[in-house]
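Below: one structure in structure tokens.
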There are 2 protein chains.
Amino acid sequence: MPIQKQLPVLDQECCAPLVRQPLGTGEAAELARVLKALADPVRLRLLSLIGAHEGGEACVCELTGVFDLTAPTISHHLKVLREAGLIDAERRGTWVYYWVVPVTLNRLAGLFVPDLAASSSR
Amino acid sequence: MPIQKQLPVLDQECCAPLVRQPLGTGEAAELARVLKALADPVRLRLLSLIGAHEGGEACVCELTGVFDLTAPTISHHLKVLREAGLIDAERRGTWVYYWVVPVTLNRLAGLFVPDLAASSSR
DNA sequence: ATACAGCTTAGATATCTGTCAAATTAGAGT
DNA sequence: ACTCTAATTTGACAGATATCTAAGCTGTAT
């Protein structure tokens, strides 16, 4: 009975969970909220810059220069990412530091990849 | 030299690629385009319904009833998903059938999970 | 042919969103 | 106290978006 054993394995490893089981209304609303925060070129790059930055965090002053945008605009995008739970921030003296919240990113990952149960940090 | 061997492994398996290396401007723009298509509760559910439907495809007539929206609105959302390359469609007689394009979904998956090189179908 | 059902397109509208300039807050260092 | 720098908030505005109604298109069946 090799077939019976093969199917369950495929069931776990194949295909994005998103397209394996219909998403509920509530789930969809919540996920859309987070995806919407991510679905912007500037915010994608901001998140990426913050996450990839040395120490896993970045000061706003290190982010503004990268873009051809004013400080208020960057601040706005950071706020959107923050309210979506994708990043968090803390003021330390003169500067404000931002870092990525792994849990929220992993929730999105769970849409595309099965079995990501307890992913590691960062 | 166990450390030298361990680091490269972590480098491959840990953390979303998105937050490991800064995203380029072009990449970010392209990804944002696809994410924006996905970042809507109705479209998330549509994609999920289509993908999870028997045979991997669904007729529009099977989708409209699920939502409290008019047919033109559903049609609009399907068009957005289609133009993002997330789904494709074909008319067969009276009905139009939609199915998920795995390649595009996998490109998104690659943001969150490393090493997803050649993922399987659907 | 005519009518009907499935689906899309076109046009209209209210809401949301990205951006900037100006004003505001918060801390550091004279 | 004052000033300078870092960052956010506010207000305004142009452009995008989600939704609807009405109209159009494309097959099937009578």
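Within every chain, numbering begins at 1; the chains are lettered A, B, ... in the order of the sequence lines, protein sequences first and strands thereafter.
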Please determine which of L46(B), V60(B), L49(B) meets the side chain to side chain contact (heavy atoms under 4.5 Å, CB included) test together with Y98(B).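 Of the listed residues L46(B), V60(B), L49(B), the side chain to side chain contact (heavy atoms under 4.5 Å, CB included) partner of Y98(B) is V60(B).
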Would you call R43(A) and L38(A) a side-chain contact if the rule is heavy atoms closer than 4.5 Å?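 Contact flag for R43(A)/L38(A) side chains = no.
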Hey, are the side chains of L86(A) and V100(A) touching, using non-hydrogen atoms and a 4.5 Å cut-off?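 Heavy-atom side-chain distance check fails, nothing below 4.5 Å.
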Hey, any chance L23(A) and F67(B) share a hydrophobic cluster, counting ILVMFWY side chains that come within less than 4.5 Å of each other, even indirectly?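 Yes, same cluster.
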Expressed in angstrom and rounded to an integer, what is the separation of I50(B) atom CD1 from dC7(C) atom P?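 Roughly 12 Å, once rounded to whole Å.
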Report yes if at least one side-chain N or O of Y98(B) is closer than 4.0 Å to OP1 or OP2 of dT8(C); otherwise report no.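 For dT8(C), OP1/OP2 do have a side-chain N/O of Y98(B) under 4.0 Å.
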Using atom OH of Y97(B) as one end and atom P of dT8(C) as the other, report the distance to the nearest whole Å.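 Nearest whole value for this atom pair: 13 Å.
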Candidate nucleotides dT9(D), dT8(D), dT8(C), ranked by approach to the side chain of V96(B) - the nearest: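 My answer, after comparing the listed nucleotides, is dT8(C).
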Is there a side-chain contact between E90(A) and V96(A), using heavy atoms and a 4.5 Å cut-off?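 Of all side-chain heavy-atom pairs linking V96(A) with E90(A), none is under 4.5 Å.
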From CG of L81(A) over to C1' of dT17(C), roughly how many Å is that when rounded to an integer?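 Taking atom C1' of dT17(C) as the reference, CG of L81(A) is at 14 Å.
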Whole-Å distance between dC25(D) C1' and W95(B) CH2?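 After rounding, the gap between these two atoms is 17 Å.
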I want to confirm an ordering. Mapping R92(A) and K36(A) to their closest nucleotides on DNA chain C, which one lands closer to the 5' end?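 The residue closer to the strand's 5' end, by nearest nucleotide, is K36(A).
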Using atom CG of D40(B) as one end and atom C1' of dC16(C) as the other, report the distance to the nearest whole Å.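 My rounded result for the distance is 12 Å.
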To the nearest Å, how far apart are E90(A) CD and dA7(D) P?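 The answer, rounded to whole Å, is 14 Å.
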Atom-pair distance (CZ on R43(B); P on dT17(D)), nearest Å: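 My rounded result for the distance is 8 Å.
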Taking the side chain as C-beta and beyond, is there a heavy-atom pair between D40(A) and H77(A) under 4.5 Å?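 Side chain of D40(A) against side chain of H77(A), heavy atoms only: contact under 4.5 Å found.
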Heavy-atom contacts under 4.0 Å between residues 63-78 of chain A and DNA chain C, which residues?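 Those residues whose heavy atoms fall under 4.0 Å from DNA chain C, taken from residues 63-78 of chain A in numerical order, are D68(A), L69(A), T70(A), P72(A), T73(A), H76(A), H77(A).
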Which of these nucleotides, dG27(D), dT19(C), dA7(D), is closest to any side-chain atom of V42(A)?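 Within the option list, the nearest is dT19(C).
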Nearest whole angstrom, please: distance from the C1' of dA26(C) to the CZ of R91(A).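 It works out to 5 Å between those atoms.
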From CG (L44(A)) to NZ (K36(B)), nearest 0.5 Å: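 These two atoms lie 9.5 Å from each other.
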